[in-house]
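This report refers to the structure that appears directly beneath it.
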Amino acid sequence: MAKTSTTTQGLRAAIERSGYYPALVAEAVEAAVGGEPVRSYLVHQETTFDQNEVRRHVTVLVLTDNRFIVSHTDEQAADSTSPTPYATTSTESVKIGRISSVVVSRVVANPESYKPGTLPREVVLTIGWGAVSRIDLEPAACGDPNCEADHGYTGNSTADDLSLRVSEAGDGPETVREALAFAQSLSEATADTTR
C-alpha cells in the first residue's frame, strides 16, 4: 500500500469495522505508530470458545517504513482481581531489520486443478524476530531397535513470535486477500537490506 494518509485512514476504518472496542484499539495502535506513515496493515478479530465462555481477541499488524507493530487486545470477564469486565491491550514495536522470518502457509483446495491467482481457503502467517522461541525435544535414538543406551535428545528450535491464521470460511475472502497482501508487503520490507 502507498504511504499516504489514506492508508492511515484505512487502518482506522478497519479497526472500527472490526467492532471490537475500536476507540481503545485505535488509540493503542496510533500511539505505537506515532507520526510514521502506514505502509500496510492487517486487522484480524478472532472469537474463541473456552468451555462456557466466548472470548474475543483482535490483532492489528502495522508496517511502517522502519517498524513492524503488533497490537493485541483481549477481553476478560470479571474475576477476583476486577469486579467488572476488562480489556488488556498491548503493543510491540519491532525494527524491520530484526525480523528474521516471514512464513506464509497457504491451504488450497483441489491442488491438481489450481490456477494462479486463485485465493487459498486458508492462510497462516508466522513472523519471527527472536523475542519468542519454541524448542521441541524428543529422545534421540540409534538404528538398533534393541539398543537401550541413552542417546540424549534431539530437537528443533523455532522462532515463533507471532502466528496468525485466517480462513475464507471463518473470516471471509477479503480478509484472506488482506493477509496475503500484508505478508507480501512485510516480506518485501525485510528483503530491503538498507533498513
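In what follows, residues are counted from 1 in the order of the sequence shown.
Taking OH of Tyr21 as the start and CD of Gln45 as the end, the distance is 10.0 Å to the nearest 0.5 Å. How far CD of Gln76 is from CG of Asp79: 7.5 Å, rounded to the nearest 0.5 Å. Considering OG of Ser187 and CG of Leu180, their distance stands at 10.5 Å, rounded to 0.5 Å. Atom OH in Tyr41 sits 9.0 Å away from atom CD1 in Ile15 (nearest 0.5 Å). Rounding to the nearest 0.5 angstrom, the gap separating the CD1 atom in Ile127 from the OG atom in Ser163 is 9.0 Å.
Ile69 is not listed as a side-chain neighbour of Leu61, based on a closest heavy-atom distance of 4.5 Å or more. Between Asp161 and Val94 the shortest side-chain heavy-atom distance does not fall below 4.5 Å. The side-chain heavy atoms of Val103 and Leu125, taken from C-beta on, include no pair separated by under 4.5 Å. Inter-residue side-chain proximity for Thr175 and Val43 is flagged as unmet; no heavy-atom pair is nearer than 4.5 Å. Looking at Leu42 and Leu63, their side chains never come closer than 4.5 Å, going by heavy atoms from C-beta outward. Side-chain contact between Leu164 and Val124 is absent, with no heavy atoms from C-beta onward closer than 4.5 Å. When side chains are defined from C-beta on, Val29 counts as touching Val62, because their heavy atoms get closer than 4.5 Å.
For Glu174, the CD atom sits in a packed shell: over 12 heavy atoms of surrounding residues, nucleotides or ligands are nearer than 6.0 Å. By the 6.0 Å contact criterion, CD on Glu16 is enclosed, its count of non-hydrogen atoms from other residues, nucleotides or ligands being greater than 12. For Glu112, the CD atom sits in a packed shell: over 12 heavy atoms of surrounding residues, nucleotides or ligands are nearer than 6.0 Å.
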Worksheet item: Where do Thr89 and Ser71 land on the side-chain contact (heavy atoms from CB on, under 4.5 Å) test, with the steps shown first?
Response: CA-CA 7 Å; Thr89 299; Ser71 173; 4.1 Å; yes
Discussion item. Set out, in order, the CA-CA distance, both residues' side-chain angles and the distance that settles side-chain contact (heavy atoms from CB on, under 4.5 Å) for Lys115 and Thr118, then state yes or no.
Written reply: CA-CA 6 Å; Lys115 292 182 176 50; Thr118 302; 3.7 Å; yes
Item to complete: Report the C-alpha distance between His44 and Val166 in whole Å, list the side-chain angles of each, state the deciding distance to 0.1 Å, and finish with yes or no for side-chain contact (heavy atoms from CB on, under 4.5 Å).
Response: CA-CA 8 Å; His44 181 249; Val166 297; 3.3 Å; yes
Discussion item. Between Arg98 and Lys95, does the side-chain contact (heavy atoms from CB on, under 4.5 Å) criterion hold? Intermediate values first, please.
Written reply: CA-CA 5 Å; Arg98 294 253 346 253; Lys95 289 184 178 183; 4.1 Å; yes
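Ion pairing of Arg165 with Glu46 is absent here, as no side-chain N (NZ or NE/NH1/NH2) approaches a carboxylate O to less than 4.0 Å. Ion pairing of Glu75 with Arg56 is present here, as a side-chain N (NZ or NE/NH1/NH2) and a carboxylate O approach within less than 4.0 Å. A salt bridge links Arg67 and Glu36; the closest N-O separation between the charged side-chain nitrogens and carboxylate oxygens is under 4.0 Å.
When hydrophobic clusters are built by joining Ile, Leu, Val, Met, Phe, Trp and Tyr residues whose side-chain heavy atoms come closer than 4.5 Å, directly or via intermediates, Val123 is grouped together with Leu119.
Taking each heavy atom of Val176 and Ser167 in turn, the nearest pair found is CG2-C, 3.6 Å. Taking both residues in full, the closest heavy atoms of Ala26 and Arg12 are given as CB-NH1, 3.2 Å, listed atom of the first, atom of the second, then distance. In terms of heavy-atom proximity, Ala181 sits nearest to Ser40 at O-OG, 4.4 Å. The shortest heavy-atom contact between Gly152 and Asp150 is N-OD1, 2.8 Å.
Partner of Trp129 under the side chain to side chain contact (heavy atoms under 4.5 Å, CB included) criterion, out of Val102, Ile96, Thr190, Val70: Val70 alone. Shown are Thr91, Thr59, Thr88; of these, the side chain to side chain donor-acceptor pair (under 3.5 Å) with His72 is made only by Thr59.
Note that Arg39 lies outside the cation-pi zone of Phe182, set by a 6.0 Å cut-off to the ring centre and a 45° limit from the axis.
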